[in-house]
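These notes are about the structure you will find just below.
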2 protein chains.
Amino acid sequence: MSLRFALLALLRVGPLSGYDLQKQFSLSVGHVWHAPDSQIYPELRKMEAEGLIEGEEQPRGQRATRRVYHVTPAGERAFLDWMGTPLEYARVRDPAHLRAAYLEAATPAAAREFFRAHISQWEGELAQWEGELRRIDAVANPMLARRLAVTEPGARERTVAFKRFTYEGLVDRARSEIAWARRGLELVEGLEAADGGWAGSRATGA
Amino acid sequence: MSLRFALLALLRVGPLSGYDLQKQFSLSVGHVWHAPDSQIYPELRKMEAEGLIEGEEQPRGQRATRRVYHVTPAGERAFLDWMGTPLEYARVRDPAHLRAAYLEAATPAAAREFFRAHISQWEGELAQWEGELRRIDAVANPMLARRLAVTEPGARERTVAFKRFTYEGLVDRARSEIAWARRGLELVEGLEAADGGWAGSRATGA
DNA sequence: ACTCTCATGTAAGTGGTTACATGATTCG
DNA sequence: CGAATCATGTAACCACTTACATGAGAGT
């Protein structure tokens with residue numbers, strides 16, 4: 001349900017084709033809400049059918065066209081309504097913590113590998129989010145720059161502030177996942193030292 | 001894909017009916033992987049069809065029966081294999097941070113309400129997870145007690161250690177979400193004080 | 001001529017959600 | 001006798017994933 005609002009958030013700064021949208025997506029909102037192009041195109045069609053956006057065919061070369069979408073008043077209203085309604089939180093479904101809870105059934109090597117993968121996973125996200133933070137500070141994100149150009153001066157400060165704040169939260173989260181996994185690595189070391197029996201045949205299932 | 005392993009994790013400590021499983025689920029693994037009964041029953045059937053578990057019809061009263069499942073050797077192997085394979089991480093899809101990134105479009109009241117809801121959401125989770133931590137320490141979780149009874153003495157320490165460690169991680173996460181949202185509340189106050197123009201008609205879409 | 005980017009999708013499948021359906025048993 | 005709990009599902013729907021499909025235009 002959030003995809004359409006992520007799309008509206010982008011289209012609200014100015015008209016874009018599905019293709020451009022998809023590109024901008026991966027460089028901005030995509031950092032908090034992933035969507036592949038195979039999901040974006042149909043969603044745009046649906047949103048158009050519901051009157052939230054309108055598409056205009058534009059010629060491209062001799063025969064080809066591209067469809068450029070802009071937000072309708074109904075779309076603007078839908079977006080602002082959404083901003084005013086409470087979020088629905090998804091129930092927990094956390095594969096990493098699920099696995100962590102039963103790591104005694106894994107070999108020490110597999111447990112270590114799990115934590116290492118967790119660290120590198122979150123280091124990847126961290127790098128993305130820290131990069132985004134730097135781009136926000138430098139107004140080097142093209143989407144943000146366009147948005148600020150379209151925003152009345154008095155509102156620019158808070159526009160930047162909420163972006164910063166959002167990515168700070170994500171950075172915190174990534175750091176705490178990494179810290180947790182590092183403690184996990186230490187825990188594995190400790191348990192292995194304390195109990196020579198782990199790594200035995202039981203853990204491998206043989 | 002994780003559901004079946006969550007179910008196997010429970011069944012590995014001893015046979016259970018779908019109904020019992022579902023009850024135990026919400027009191028243990030359910031804290032990291034939610035699943036409604038309408039998903040559990042069909043999944044058990046599928047797992048049986050694939051030979052991971054086996055069900056036995058047991059009489060209950062005069063006419064009724066219940067189906068009690070136990071893990072087969074193939075199921076045990078599947079579980080241990082899963083423990084040894086790298087996790088697949090889902091792409092980010094985070095409604096709260098998506099909204100936070102565009103909160104300049106909301107009224108200050110809506111922004112505040114959003115953060116308050118975020119705090120109470122995570123305080124709820126926090127309470128659950130802290131409760132679970134206390135039950136782990138007191139061995140007051142019946143599922144954990146059963147598991148320890150079935151675990152060789154040398155492996156008990158690490159069984160408890162990984163559970164503790166998992167819930168510690170979840171508690172950390174909840175705390176940091178709460179801290180983030182509190183900072184969000186402060187940010188809203190600050191922006192409102194700095195800029196009397198927010199809360200104006202623009203933000204409401206009129 | 002070839003390749004890269006632009007541009008827009010469809011189709012099949014999976015995992016999960018919500019709502020509904022049904023009947024036996026046990027306990028007060 | 002009625003209510004709670006035991007017990008097991010089905011059906012319709014939605015969001016998302018993966019893989020595939022197609023063709024025009026621009027640059028080398």
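Throughout, protein chains are lettered first and strands after them, A, B, ... in sequence-line order, and every chain is numbered starting at 1. No experiment lies behind these values; they were computed from the predicted model shown.
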Gap between atoms CD and C1', on E43(A) and dT17(D) respectively (whole Å):
15 Å
Answer yes or no: is there a side-chain heavy-atom contact under 4.5 Å between L8(A) and V71(A)?
yes
Out of dT8(C), dT8(D), dT18(D), which nucleotide sits closest to the side chain of Y41(A)?
dT8(C)
For dT14(C), does OP1 or OP2 lie under 4.0 Å from any side-chain N or O of K46(B)?
no
Could I get a table of every N or O pair under 3.5 Å where one atom is in the protein and the other is in nucleotides 25-28 of chain D?
unit_1, atom_1, unit_2, atom_2, d
dG25(D), OP1, Q62(A), N, 2.8
dG25(D), OP1, R63(A), N, 2.9

Indicate the ring-plane relationship of H118(B) and Y89(A), choosing parallel, tilted or perpendicular according to the 30° and 60° boundaries.
tilted
Do the ring centers of W198(A) and F162(B) come within less than 6.0 Å of each other?
yes
So H97(B) and W180(B), would you call those rings parallel, tilted or perpendicular, with 30° and 60° as cut-offs?
parallel
Aromatic plane relationship, H31(A) with Y167(A) - under 30° parallel, 30 to 60° tilted, over 60° perpendicular
perpendicular
When M47(A) is tested against each of E43(A), R45(A), E50(A) for side chain to side chain contact (heavy atoms under 4.5 Å, CB included), which residue passes?
E43(A)
Using only heavy-atom distances, decide whether a donor-acceptor pair under 3.5 angstrom links the side-chain of S38(B) to the base of dT17(C).
no
Calculate the interatomic distance between L7(B) atom CG and dG16(C) atom C1'; express it in whole Å.
14 Å
Send over the distance from R91(B) CZ to dT18(D) C1', rounded to a whole Å.
10 Å
What pairs meet the salt bridge (Lys or Arg N to Asp or Glu O under 4.0 Å) rule with one or both residues in residues 11-40 of chain B, with sequence neighbours excluded?
R12(B)-E76(B), D20(B)-R66(B)
Do any side-chain nitrogens or oxygens of Q39(B) fall under 4.0 Å of OP1 or OP2 in dT17(C)?
yes
Quick one: R45(B) CZ to dA11(D) P, roughly how many Å, whole number?
14 Å
Length of the CZ-C1' vector between R67(B) and dA24(C), whole Å
18 Å
Please determine whether a side-chain nitrogen of the Lys or Arg among E177(B) and R173(A) lies less than 4.0 Å from a carboxylate oxygen of the Asp or Glu.
yes
Using a cut-off of strictly less than 4.0 Å between a heavy atom of the residue and any atom of DNA chain D, enumerate the qualifying residues of residues 15-37 of chain A by number.
W33(A), P36(A)
Any carboxylate oxygen within less than 4.0 angstrom of a Lys/Arg side-chain nitrogen, looking at E168(A) and R164(A)?
yes
When rounded to whole Å, the CZ to P distance for the pair R93(A) and dC16(D) reads 13 Å
Rounding to an integer number of Å, can you tell me how far I40(B) CD1 sits from dG15(C) P?
15 Å
Whole-Å distance, L44(B) CG to dG9(D) C1', equals 12 Å
Need to verify one output field. Residue with the more 5' nearest nucleotide on DNA chain D, R66(B) or M1(A)?
R66(B)
